[in-house]
There are 2 protein chains.
Amino acid sequence: MRKRATAKQVAEAAGVSKWTVIRAFTPGASITEESKRKVLETAASLNYTPNLLARSLATNATHQVAVFVDDFANPQKLPFLETLTERLQAAGLVVMLININNHFDHVHALLHADQRQVDAIVLFGTAFRDETLTDHQLGRGMPPMFVLARDSQIDGVPAVVCDAELALKDIVDHLHERGYRRPGFMTGATVLSTALRRRQHFVEFWGKKGVHDVAVLSAEKYSAQAGAEAVRRYLNTTNATDRVDVLMCENDILAIGAIDEMRGKYGLRVPEDMAIVGFDNYELGGSSAYGLTTYEQPRHEMVEVIVGMITGRVDAETVTLPGKLVMRSST
Amino acid sequence: MRKRATAKQVAEAAGVSKWTVIRAFTPGASITEESKRKVLETAASLNYTPNLLARSLATNATHQVAVFVDDFANPQKLPFLETLTERLQAAGLVVMLININNHFDHVHALLHADQRQVDAIVLFGTAFRDETLTDHQLGRGMPPMFVLARDSQIDGVPAVVCDAELALKDIVDHLHERGYRRPGFMTGATVLSTALRRRQHFVEFWGKKGVHDVAVLSAEKYSAQAGAEAVRRYLNTTNATDRVDVLMCENDILAIGAIDEMRGKYGLRVPEDMAIVGFDNYELGGSSAYGLTTYEQPRHEMVEVIVGMITGRVDAETVTLPGKLVMRSST
DNA sequence: CACCTGTTTGCACCCGGTAGCAAGCAATTT
DNA sequence: AAATTGCTTGCTACCGGGTGCAAACAGGTG
């Protein structure tokens with residue numbers, strides 16, 4: 001069992017009371033330069049460092065933020081996690097990464113995070129329904145919660161999202177301008193409101209252009225594999241003449257899977273035979289093999305806002321931020 | 001400020017002492033069914049839950065594991081993080097994800113993790129040198145440290161790695177069998193011992209096949225971009241007849257960047273003009289656009305072992321596990 | 001030198017649990 | 001009926017710090 005020095009031990013060694021030691025480590029506390037120096041010296045020699053656990057208990061603030069993630073298949077999570085940890089750390093907060101899965105569901109995670117006294121909970125792209133809270137009377141006394149990169153369906157829980165309406169408007173404008181008139185949409189999940197919203201807006205903006213027929217392809221989950229399967233089903237059941245001329249996929253992973261399948265198994269060209277659009281601007285989509293036209297979420301701004309909410313600098317109200325269209329060779 | 005019920009409050013409400021309340025929440029504690037039921041009922045009505053912070057302080061065990069990551073550019077991190085969080089959570093441990101970067105270096109992170117009293121520190125693929133510990137006298141009293149997916153250069157700090165020797169042997173055997181005789185190697189970092197080792201073994205096993213000339217290409221970091229640049233420099237400075245017939249890239253990301261560049265800018269075919277091998281079996285490398293031959297690290301086994309070390313089930317000694325060669329169309 | 005003022009310092013008590021001992025109590029034994 | 005045994009329960013002490021108040025101390029003034 002390891003032993004660390006405590007404030008009391010430092011106090012004895014320095015010939016002061018433990019409170020003086022604590023003051024030496026409390027910025028702005030009332031203490032003379034002289035005794036502060038003395039304390040810091042003996043503290044250094046004893047290798048003393050304040051115990052943040054004890055401090056958290058006493059101050060009722062852990063400076064820990066639980067981040068719930070339930071979909072590690074989406075590579076987009078990684079850059080977001082990087083930015084999120086970096087900005088939170090810069091604000092003096094540390095991330096507790098919680099993997100929501102079959103063995104550790106939302107309710108477990110919520111209870112656990114609460115018991116650990118985290119300062120806030122970030123639902124990062126997790127599917128979290130209102131009932132989870134109401135069913136378990138978890139609402140009261142929970143740490144403040146925030147939803148990142150997905151709509152919040154929960155009353156009083158703000159979200160930070162990319163503006164889907166603007167995004168889809170930009171995309172549809174771009175496609176229309178390029179001359180496409182027979183659009184299709186590939187969904188990855190049929191239950192998520194964020195997914196539904198993208199599709200809704202896609203259909204809506206095509207409607208405004210006078211195009212009222214939008215084909216819908218369903219992938220089973222967000223993976224290249226699933227995207228490939230979805231497009232295969234579509235191509236197998238649709239005559240070449242009836243096919244869409246542009247397919248918007250709900251994210252880049254689906255799009256990449258779709259492109260591979262089209263080229264590899266069907267010898268189709270992108271964009272000549274069918275144009276493809278993705279979403280998220282995942283690094284590999286930008287490689288020359290795919291040249292995927294996509295839409296980039298304003299990651300840094302989103303993270304900045306959510307960190308602001310957590311630290312209280314920003315009002316905790318749902319924020320919608322504009323992203324930007326990334327045009328490449330696939331359209 | 002949120003208020004949670006405490007054991008004392010539950011005790012008063014239930015008409016017992018706070019220790020009886022605690023016992024009701026301590027598995028195997030000495031308490032009658034009767035009073036346990038009574039306590040649990042009033043606890044539920046008051047929405048009481050033990051405060052893990054206080055418990056950690058008293059028991060000197062936080063059940064938190066700090067995981068240091070300094071390279072979020074490598075997509076391989078994500079599946080590893082998924083597996084790691086899942087297995088640790090299954091063992092009752094929770095992950096504190098720490099982003100090591102310019103603003104928050106190893107020393108900061110180490111001190112911070114120590115102050116938070118974490119039970120263990122996992123250096124996940126981070127470049128961490130011996131001196132960091134010795135320079136700062138951090139050795140004494142630190143939580144136990146483990147290195148995941150990279151060699152440990154630190155005395156007394158065990159690592160869990162994929163067997164590089166076996167991997168490179170399998171790869172070279174495979175390439176030799178396929179008839180390649182002019183090999184090249186692309187490194188992503190020249191300072192990491194893991195990187196050096198792969199290259200060394202690559203050269204060594206070719207040597208055993210009687211091939212003593214291995215070209216070396218250096219990418220500046222691990223990104224598709226850097227891989228593309230490295231291969232561009234090579235192609236621009238090497239006559240077509242002098243070129244390698246197979247290029248092994250230190251990981252799949254470099255390989256994918258290299259393939260894109262070769263095909264896009266130079267019209268070269270893979271594997272006819274130059275075969276390519278990667279490392280890590282990253283999902284997209286398996287798409288039909290790349291068909292990248294690669295080597296897969298035994299992720300689940302590695303995580304299982306490191307979790308075993310952390311929980312003390314497994315002896316804390318460096319473990320080397322065999323991965324497996326994934327043959328595809330790029331060779 | 002006494003007096004006043006403002007800063008340091010020490011202290012009792014608190015944060016919410018855990019450990020281990022000793023008293024309380026019922027059932028069993030002699 | 002008294003003694004023994006074993007389970008419950010309450011209590012003191014403790015984990016390592018933080019808060020607010022009061023005592024101690026300095027420095028400047030009359």
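Chain letters run A, B, ... following the sequence lines, proteins first and then strands; every chain starts at 1.
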What is the distance, rounded to the nearest whole Å, between atom [atom1] of [X] and atom [atom2] of [N]?
X	N	atom1	atom2	answer
Asn51(A)	dC15(C)	CG	P	18 Å
Arg116(B)	dC15(D)	CZ	P	22 Å
Asn60(A)	dG17(D)	CG	P	18 Å
Leu53(A)	dG16(C)	CG	P	14 Å
Gln117(A)	dG17(C)	CD	C1'	11 Å
Lys38(A)	dT9(C)	NZ	C1'	11 Å
Leu52(B)	dT18(C)	CG	C1'	13 Å

Fill in: Residue pair Arg116(B) / Thr62(B), side-chain heavy-atom distance below 4.5 Å
no
My understanding is that only residues two or more places apart in sequence, or in another chain, count here; which of them pass salt bridge (Lys or Arg N to Asp or Glu O under 4.0 Å) with [X]?
X	answer
Arg197(A)	Asp151(A)
Glu41(B)	Arg37(B)
Glu12(B)	none

Item to complete: Verify side-chain hydrogen bond (donor to acceptor under 3.5 Å, both in side chains) between Asp163(A) and Thr320(A), making sure each step is shown before the conclusion.
Response: CA-CA 5 Å; Asp163(A) 188 337; Thr320(A) 304; 5.9 Å; no
Item to complete: Give the angle between the helix axes at the two ends of the helix from dC1(C)-dG30(D) to dT30(C)-dA1(D), taking five base pairs at each end and rounding to 10°.
Response: 60°
Fill in: Carboxylate-amine/guanidinium proximity below 4.0 Å for Lys221(A) and Asp71(A)
no
Worksheet item: About how many Å separate CG of Leu84(B) and CG of Leu97(A), when rounded to the nearest 0.5 Å?
Response: 9.0 Å
Fill in: Contact pattern, 5' to 3', of nucleotides 7-12 of chain D - B, S or - by protein heavy atom under 4.0 Å
-BBBBB
Discussion item. Using a heavy-atom cut-off of 4.0 Å across all strands, would you classify Tyr48(B) as base, sugar-phosphate, or nothing?
Written reply: sugar-phosphate
Worksheet item: Out of dG16(D), dT18(C), dG16(C), which nucleotide sits closest to the side chain of Ile22(B)?
Response: dT18(C)
Practice prompt. Dump the intermediate steps for side-chain hydrogen bond (donor to acceptor under 3.5 Å, both in side chains) on Asp280(B) and Gln297(B), then the final yes or no.
Written response: CA-CA 6 Å; Asp280(B) 278 350; Gln297(B) 298 194 44; 2.9 Å; yes
Discussion item. For Tyr222(B), give me all partners under ring-ring contact (aromatic ring centres under 6.0 Å, His included), at least two apart in sequence or on another chain.
Written reply: none
Worksheet, complete the sentence: The residue, Leu57(A) or Arg55(B), whose nearest nucleotide of DNA chain C is more 5′ is Leu57(A)
